[in-house]
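These figures come from a predicted structure and were not determined experimentally. Here, residue 1 is the first one in the sequence, and each next residue gets the next number.
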Amino acid sequence: MNTRFLLPHSLKTVGWILLIPSVLYGIYIHIVGFEFDEVMKTSVFAIWRDPFLSSDPSDNFFKVIENGILDEILTICIILGGIFVGFAKVKDEDEFIGKIRTESLIWAIYLNSIIFVFATIFVYDMPYFNILIFNAFTPILFFVIRFHFLLHQSKKELRYEE
């Protein structure tokens with residue numbers, strides 16, 4: 001089987017270590033209404049910043065600004081963790097696993113698109129903006145959940161057949 005686009009199996013553990021705490025912490029701080037700008041504030045290089053928030057609207061490109069970086073760290077951890085978990089080889093990678101992986105990816109994109117269209121029609125204002133933010137993570141999360149669920153189901157079925 002051709003697995004040239006898959007990551008080494010060893011990254012799966014790293015992925016779980018990044019993904020689970022980051023998702024749980026991200027959900028927690030969203031629920032409690034955490035203010036990101038006050039935590040881990042540091043100077044960062046910004047290619048572009050919102051002119052609405054800057055003191056000099058004509059000076060918005062390629063600047064060093066002060067920013068709380070917790071949300072950026074969580075975003076990177078969720079995305080990298082999801083990629084590592086979803087696209088690291090399993091120990092017994094074969095055509096069947098590849099088929100499960102492909103079908104899970106297609107299913108995740110369909111589900112994400114359906115939810116996104118539904119939200120576009122029925123959700124407005126700030127809640128819709130939150131959905132736009134979550135939409136950065138949901139395709140990979142849906143894929144990881146579906147892929148590992150089907151993988152677990154197939155292993156369970158193999159045990160019953162033996």
Ring geometry between Phe87 and Phe143 (parallel below 30°, tilted from 30 to 60°, perpendicular above 60°): parallel
Hydrophobic cluster membership, Leu80 vs Val144, 4.5 Å side-chain cutoff: yes
ILVMFWY cluster, Met126 and Phe122 together (side-chain gap under 4.5 Å): no
Rounded distance (nearest 0.5 Å) linking atom CG of Leu70 with atom OG1 of Thr42: 13.0 Å
Atom OH of Tyr28 with >12 non-hydrogen neighbours under 6.0 angstrom: no
Heavy-atom side-chain contact between Ile69 and Glu72 under 4.5 Å: yes
Expected list for residues 111-120: side-chain donor-acceptor pairs under 3.5 angstrom, two or more places apart:
from, atom 1, to, atom 2, distance (Å)
Asn112, OD1, Asn135, ND2, 3.3
Asn112, OD1, Thr138, OG1, 2.4
Ser113, OG, Ile109, O, 2.8
Thr120, OG1, Phe116, O, 2.8
Thr120, OG1, Tyr128, OH, 3.0

Between CD1 on residue Ile17 and CG on residue Leu19, distance to nearest 0.5 Å: 11.5 Å
Heavy-atom pair of closest approach, residues Gly81 and Leu18: CA-CB, 3.9 Å
Rounded distance [0.5 Å steps], CZ in Phe96 versus CG in Leu150: 8.0 Å
Hphob cluster co-occupancy, Phe142 + Ile78, side-chain heavy atoms under 4.5 angstrom: no
Joint hydrophobic cluster, Ile100 plus Val90, side-chain heavy atoms closer than 4.5 Å: yes
Heavy atoms of other groups near Ile47 CD1, more than 12 under 6.0 Å: no
Side chains of Phe129 and Asp125 in contact at under 4.5 Å (non-hydrogen atoms): no
Distance-only donor-acceptor check, side chains Ser43 and Glu66, under 3.5 Å: yes
Val14 side chain reached by Val85 side chain, heavy atoms, under 4.5 Å: no
Any side-chain heavy-atom pair of Phe45 and Phe62 under 4.5 Å: yes
Connected via hydrophobic side-chain network under 4.5 Å: Val23 and Ile20: yes
Nearest non-hydrogen partners of Ala108 and Pro139, listed with the distance: CB-O, 3.6 Å
Close side-chain approach of Ile83 to Leu7, heavy-atom, < 4.5 Å: yes
Nearest heavy atoms of Pro8 and Ala88, plus distance in Å: O-CB, 3.5 Å
Within-4.5 Å side-chain heavy-atom neighbours: Val44 and Ile65: yes
Distance (rounded to the nearest 0.5 Å) between Leu105 CG and Tyr110 OH: 11.0 Å
Interatomic spacing from CG in Leu11 to CH2 in Trp16 - rounded to 0.5 Å: 14.0 Å
NZ/NE/NH1/NH2 to OD/OE distance under 4.0 Å, Arg101 and Glu93: yes
Rounded distance [0.5 Å steps], CG in Leu141 versus CD1 in Ile79: 9.5 Å
Salt-bridge present (Lys99, Glu103; N to O < 4.0 Å): yes
